[in-house]
Amino acid sequence: MTYDEIIFNRFAGPAIILQYDGETVKNLKVNDKYLPELGMNIAEEDYLNADPLDAFGDADKAVYLSALHRCVLTGKDTTCETWRKLMSNCCGADMIYIKSRFVFVESSNGLAVVYETIRNITPEQRTLEALTDSERRYKLASEQINIYNWEYTIATKEMRPCYRCMRDLGLPALVRNYPEPAIEMGIFPPDYADMYREMMRKVDAGIPEIEADIPLTVGRVPFRVKYTTEFDENGKPVKAFGSATLISETELKQIKLDNNIIETLAEEYTCIYLADLYKKDLKVIKQDDLFDIERSGKTYIDIADLIVPKLVVYSGSYAEKLLDIDHVQKVLFTDCDRREFNYKDDSIDRWIRVNFQVVERVDNDVSMLLITCSIIDDLRAKKMDADRLIAVQKQELEARQEMLIKAVDEANRANSAKTAFFSNMSHDIRTPMSAITGFSKLALEEIDDKEHVKDYVEKIISASDHLLSLINDILDMSRIESGKMDITPVPSNLKKLCRDCAEMIKDSVIDKGLEFEVDIDGVGDDNVYCDKLRFRQIVLNLLSNAYKFTPKGGKVSFTAKKISDKDKPLYEIKVKDTGIGMSNEFKEKIWEAFSREENDAVRETQGTGLGMLIVKNIVNLMQGTISLETELGKGSEFTVVLPLELCKEDGVSVEKTIGKSAALDKRYDGKTILLVDDTNVNRTLATLVLKKFGFTVKETSSGIDAVEIIKNSKPGDIDLVLMDIEMPVMNGLEATRKIRALEDPVISKIPIVAMTANAFESDIQATKEAGMNAHVTKPFVKDDLISKIDANL
């Protein structure tokens, strides 16, 4: 980065580039804010050519070079405050007080380059010096004009006065039970008696120093009474030394003059406060409507409570520390004597600068603070407004950037997930397809070997069932991700549902040589509203996994019971096995898509890795919970808790639908079906199945021909249409719409069942909207096809 880029950066304040060789300093380059900050009309060329050290006195030069040397030596930022004497042709000579901050830039061949920023704090320093000088004069006057002094023993309340006290005030050499005798003698006017008693109570309490202006004698001559307390080695107050100093007319005039000087020097300040942290006293030197605080009886905390909340908005917890007196006294000003804060007062639309300046320390602890408030000039205020706007815009930009990064990450994760999906599906689909293709070829080659062909066909059926299961899982995942998987509760007998699930899986479990234990009596004979299909899907998935991952000789148990009896009771379903179990690492991933633990026992078991994710989503849709307890090598236990609403209808079973078995037991002689499919193999397979049930089948490969056949038929010629969807020229949806639009009211209402590979929820909805009565997914399952036909005849 060049020097120009450093000092002419729009965020840089008044700045200069210096060269330093350990003894001499040379000005290299200044920005356009530097010379105006000095407040002197100096030409840039003259300033750069001058020796910068000529502007310092010996003491300030040592401070300046020490800070510069520390910066170069350590590489860390350093600061200092110094007086400088500057000359200009138009303004003459003037002393200015500058606060400098040095930033190390680079070093080469013994020459260091340093970046210095400055701030002209001459008005603040002169005000501080005036206040310090005023305090010094107060102390000096006190020492010179002490006319009465005495010693007070706290434990005995005995007072020993000086000779002047005894001579002028008539006090004895020892005054017991002080101050009551002095009050009774009329040394203090009656209206000041209580004030003096309170002052003595504070002395007894161990206040280190205390003073007050009190008239003495009946002439009400003004005196400044002051006490200084002495403590023993345990910190207990033992004695106090008192003095009474005559406040002369000269001193009163000097105090007024000092106040006038302070007011004149502090014209640029809207508020000035002097806070004594030890005496817990606040002097209001000057203030306006910016902060309005009472002029007496207030402390540092009172003014801090007004100012600090405004500073916290811009400086955060750093400004908040100003409310902690202990932190202010011992920590906040350990490395400097001044802290500056800026804030925007929206009520007057101006920026305010607040300075906290240490005036006095006691044993390194801050004892007195000068607090000044001033309105920042318009030029600087505009810059601060601009800086704040830039900061806000930067924050908004960073927020947008973070959102974009997050969006990109999500897109990348989505792409990765899609890649993983297709990779997994490619593998999982090819596995059963390879079996179907391979065993089909073997069956053809050994067509005369009936026993071998039967075995091959059984393996083909098994692979086909697995492939169909995989496709169904993918369809369920699609419905879940699109938010279109619906739960359709219908009146159901829960015990019968559980018994049906157990019967469906029983043969497979026993054939594998496993013990199968079922205990479902705990659900009672409750009739509930439940989605039977989804309930079976949950239970069968869990039971299927249990027996697949349990070796021969193991045990699978299935229990169901009611665990809460309310208006909407809770039912608990547990499936437990003594199988291979899971590792703790995989236990957390089991609910993710395509999750399969990598070990030999799992690799030998078929599965899509989607089942548990589907189960969890179904349970969530049913507003239930699912949990897992497992241990590697010892088995797993899944617990599902479902809230199911009671069905108020009477009867042991409220399931009124006719099962598939009833449809499969019928004969359909005399019923004619129009089969519409553009694929010959599909038509042949469907025709063979339908004819076994007695149906008469008419075939066509075109949606256009189907419309013509229906249009030219008579009522009773065709009882039902099986309609494919994806066909050339006119698809099944369009053909259905045209049939529904026929003029003959009987013909136009002929039952139409979609038989298609389009199996997503949106596809099913499209068939309903086109006017179809039902939907059968290809490859079709005989039971499902016949039951759908039977239901619509």
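Keep in mind that what you see is a predicted model, and the values were worked out from it rather than measured.
- When atom types are taken as modelled, the side chain of Asp302 and the backbone of Thr299 share a donor-acceptor pair closer than 3.5 angstrom.
- No donor-acceptor pair closer than 3.5 Å links the side chain of Asn355 to the backbone N or O of Gln357.
- Side-chain atoms of Thr117 do not come within 3.5 Å of backbone N or O of Pro14 as any donor-acceptor pair.
- Salt bridge status for Arg361 with Asp337: present, with a side-chain N to carboxylate O gap under 4.0 Å.
- Between Glu180 and Lys157, none of the side-chain N atoms (NZ, or NE/NH1/NH2) sits under 4.0 Å from a carboxylate O, so this pair counts as no salt bridge.
- Side-chain polar atoms of Glu116 and Tyr64 form a donor-acceptor pair below 3.5 angstrom.
- A donor atom on one side chain and an acceptor atom on the other are not found under 3.5 Å apart for Trp351 and Tyr314.
- Between the side chains of Tyr152 and Tyr227, no donor N or O sits under 3.5 Å from an acceptor N or O.
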Could you go through the salt bridge (Lys or Arg N to Asp or Glu O under 4.0 Å) check for Asp194 and Arg197 one step at a time? CA-CA 5 Å; Asp194 287 341; Arg197 288 189 182 102; 2.9 Å; yes
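- Between the side chain of Thr334 and the backbone N or O of Val331 there is at least one donor-acceptor pair closer than 3.5 Å.
- Arg353 has a carboxylate O that lies under 4.0 Å from a charged side-chain N of Glu340, or vice versa, which qualifies the two as a salt bridge.
- Ring centers of Tyr115 and Phe104: at least 6.0 Å apart, outside the cut-off.
- Using a 30° and 60° split on the angle between ring planes, Tyr196 and Tyr178 fall in the perpendicular class, above 60°.
- When the shell of 6.0 Å around NZ of Lys279 is examined, it contains more than 12 heavy atoms from other residues, nucleotides or ligands.
- Counting non-hydrogen atoms of neighbouring residues, nucleotides and ligands closer than 6.0 angstrom, the CG atom of Asp58 reaches no more than 12 such neighbours.
- Salt bridge present: Glu124 and Arg119 bring a charged side-chain N and a carboxylate O closer than 4.0 Å.
- Asn31 places a side-chain N or O within 3.5 Å of a backbone atom of Lys33 that can act as its donor or acceptor partner.
- Between His69 and Tyr20, the ring planes lie perpendicular to each other; the angle is over 60°, past the 30° to 60° tilted range.
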Walk me through it: do Ile118 and Leu38 pass the test side chain to side chain contact (heavy atoms under 4.5 Å, CB included)? CA-CA 9 Å; Ile118 66 165; Leu38 298 177; 3.7 Å; yes
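- What you find for Ala240 and Val203 is that their closest heavy atoms are CB-CG1, 3.5 Å.
- For the 3.5 Å distance criterion, the side chains of Asp60 and Tyr97 fail to qualify, holding no donor opposite an acceptor.
- For Asp77 and Arg101, the salt-bridge test passes: some basic side-chain N is under 4.0 Å from an acidic carboxylate O.
- When ring centroids are compared, Tyr273 and Tyr300 stay outside the 6.0 Å threshold.
- Between Glu129 and Arg126 there is no salt bridge, since no side-chain N of the basic residue sits under 4.0 Å from a carboxylate O of the acidic one.
- Heavy-atom minimum distance, Thr153 versus Lys239: OG1-CE, 4.3 Å.
- The number of heavy atoms from other shown groups lying within 6.0 Å of CD (Glu45) does not exceed 12.
- Asp54 contributes atom CG, which lies 12.5 Å from atom CZ of Arg84 (distance to the nearest 0.5 angstrom).
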